[in-house]
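Here the structure is laid out as structure tokens; the discussion comes afterwards.
Worth knowing before you read on, the calculation uses all heavy atoms, side chains too, and leaves out hydrogens, waters and symmetry mates. So that the names make sense, note that chain A is the first sequence line, chain B the second, and so on, each numbered from 1.
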2 protein chains.
Amino acid sequence: MLDERSLPLRERKRLRTRRTLAETALRLFTDHGFEATTLERLVEEAEVSKSTFFRAFPAKEAVAVEAETEVWTAYTAALDRGRPEGVVLDVLRDALTEVAVALDPDWDRRYVATRRLILTAPALLAYVDHYRTGVERQVVACLAGKLGLDDGDLRLQVLAELTTTAWSVAARDWVRNEADGGRERLVRRLRDAFRAVPASLDLRAPGTG
Amino acid sequence: MLDERSLPLRERKRLRTRRTLAETALRLFTDHGFEATTLERLVEEAEVSKSTFFRAFPAKEAVAVEAETEVWTAYTAALDRGRPEGVVLDVLRDALTEVAVALDPDWDRRYVATRRLILTAPALLAYVDHYRTGVERQVVACLAGKLGLDDGDLRLQVLAELTTTAWSVAARDWVRNEADGGRERLVRRLRDAFRAVPASLDLRAPGTG
DNA sequence: GAAAATTCTGGCACTCGGTCTCGTTTGGTG
DNA sequence: CACCAAACGAGACCGAGTGCCAGAATTTTC
């Protein structure tokens, strides 16, 4: 994803401490719990100061969900680059799918660990909920710009949400099965989820007498 | 909404401090900003202890968005009570609409103040984002039970989100116009929003020559 | 390649939200 | 009136997050 060797020394170091922190955090949080692990303990283990931590991450929660943010960072970046054509929902689906297949090979392991962690810590759940909404806002703004629509257009908001929801459902299933079948399985699940969306509108309560 | 006089004295007192806190909070936060107002200052002004505050509200953010939570508490309660029939999206729309018209007359003022406040405080935005997601989860669980569907059914999640989104768009517009036209205007906006939902799926990028 | 200018880091004090404990008060009950 | 349960106030305590500054490391300049 990121070419390590071509960067200036300072940037390389920044990236290294970032990774060390994320790696250490995932281990500590998994072993002893998110809340039970203090920041002090984490930065001590990673051999950096608290100041450095907050220069790399905006909050304790953020370092725990790196794998999640990687997905959405790539996703919004792809949308920013691309020029939407045809059915917008398809554009979003394709962008997200391409991101999924292009992720770092090590991402699978980290993502699974992250999702499991989230299930155990309410603060993390709150963080990702809000993060996800932020992504949707970003997508809406991006599309509104490119399509010449209003920022408050309900259709854009709906489409942005459908996409994150499809991911969320697909990923939940994928993680539950220990990410068996690898990235291909995730992509298949994602496709299925998008396919199932239109049926939602027509869902009816089964005939009540 | 709540019959004050029929409650035991202790409950009445609890409710009174709750209201005092919410009222005081809305005033202080509006006048001096959410972050700039410390909890200490708030409880001092409301003449209760910090302990009492946290017995009434789970967090500083919660007291600022009372008006928002009232809506969704009533909404989920209505769904829990009712028995869904016909098109599920219509069921949700009707439930939410009925809640909107039934809210306390004083609610309008508080809601407008709350929404304005949220625009100024990132922490509040995060809080309501997460809160909203929680409501959706609750709705999904409720419907899954009543309809005999799986908790992870994508369709339910989509429907739950469409509903909160419709509200969110309608309310945004309503608040922007100072809640002019009163509750009827909000209800109209809500109806329009729900009507616009299906068109989302077919949204296309304008033909690129 | 040394010196100057920038940028990053560590350490520390500080604020503030939130939890916990415990002794006291207050409303419900027979 | 007496008893019990529940709510309250006070204060100690924890830990996340911020601001400040002196010093180290990196980059740039000559």
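- Scanning residues 39-49 of chain A for heavy-atom distances under 4.0 Å to DNA chain D yields A:L39.
- Using bins of under 30°, 30° to 60° and over 60° for the plane-to-plane angle, the ring pair B:W72/B:W167 lands in the perpendicular bin.
- For the atom pair A:T165 OG1 and B:E161 CD, the distance stands at 3.0 Å (nearest 0.5 Å).
- Spacing between atom CZ of B:R16 and atom C1' of C:dT26 amounts to 13 Å, rounded to whole angstrom units.
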Checklist entry - Would A:R18 and A:E66 count as a salt bridge (Lys or Arg N to Asp or Glu O under 4.0 Å) if you check the C-alpha gap in whole Å, the side-chain angles of each, and the deciding distance to 0.1 Å? => result CA-CA 10 Å; A:R18 232 193 120 78; A:E66 261 281 276; 2.6 Å; yes
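- The CG atom of B:D106 sits 9.5 Å away from atom CZ of B:R19, with the distance rounded to the nearest 0.5 Å.
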Checklist entry - Yes or no on salt bridge (Lys or Arg N to Asp or Glu O under 4.0 Å) for A:E45 and A:R41, after CA distance, side-chain angles and deciding distance? => result CA-CA 6 Å; A:E45 198 101 358; A:R41 173 83 186 280; 3.6 Å; yes
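- Under the 3.5 Å distance criterion, with hydrogens and angles disregarded, no donor-acceptor pair is assigned to the side chains of B:T17 and B:T20.
- Across the protein-nucleic acid pair, B:L124 atom CG and C:dG17 atom P stand 12 Å apart, rounded to whole Å.
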Next on the checklist: As a check on the pairing definition, encode DNA chain D in dot-bracket form, counting Watson-Crick and G-U wobble pairs whose two distances are under 3.5 Å, and using | for partners outside this strand.
Outcome noted: ||..||||||||||||||||||||||.|||
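- By the neighbour-count criterion of 12 heavy atoms within 6.0 Å, atom CZ of A:R137 is densely surrounded, having more than that number from other residues, nucleotides or ligands.
- Between the side chain of B:K50 and the base of C:dG18, at least one donor-acceptor pair of N or O atoms lies under 3.5 Å.
- DNA chain C is contacted by both B:A59 and A:R14; A:R14 maps to the nucleotide lying nearer its 5′ end (nearest heavy atom per residue).
- The residue B:P8 sits close only to the backbone: its heavy atoms come under 4.0 Å of sugar-phosphate atoms, none of a base.
- Here A:R16 contributes atom CZ and A:R12 contributes atom CZ; the two are 10.0 Å apart, rounded to the nearest 0.5 Å.
- The nearest whole Å value for the distance from the CZ atom in A:R10 to the C1' atom in C:dC8 is 6 Å.
- In this structure, the CZ atom of A:R55 is 13 Å from the C1' atom of D:dA25, given to the nearest Å.
- Salt bridge status for B:R132 with A:D129: absent, with no side-chain N to carboxylate O gap under 4.0 Å.
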Checklist entry - Is there a salt bridge (Lys or Arg N to Asp or Glu O under 4.0 Å) between B:R183 and B:D108 once you walk through the steps? => result CA-CA 8 Å; B:R183 214 66 68 75; B:D108 300 53; 2.5 Å; yes
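- Across all strands, A:S51 comes closer than 4.0 Å to base atoms (heavy-atom distances).
- Going from atom NZ of B:K60 over to atom C1' of C:dT15 covers 11 Å, rounded to whole Å.
- Ring geometry for B:Y131 versus B:Y127: interplanar angle under 30°, hence parallel rather than tilted (30 to 60°).
- Taking atom CZ of B:F53 as the reference point, atom C1' of D:dA7 lies 17 Å away to the nearest angstrom.
- We find that OH of A:Y127 is positioned 15 Å from P of D:dA16, with the value rounded to whole Å.
- Comparing B:K13 and B:E35, the nucleotide of DNA chain C nearest to each residue sits closer to the 5' end for B:E35.
- Residues of residues 22-32 of chain A that place a heavy atom closer than 4.0 Å to DNA chain D do not occur.
- In this structure, the CZ atom of A:F54 is 16 Å from the P atom of C:dG11, given to the nearest Å.
- Other residues, nucleotides and ligands place no more than 12 heavy atoms under 6.0 Å from the CZ atom of A:R14.
- Across all strands, A:T37 comes closer than 4.0 Å only to sugar-phosphate atoms, never to a base (heavy-atom distances).
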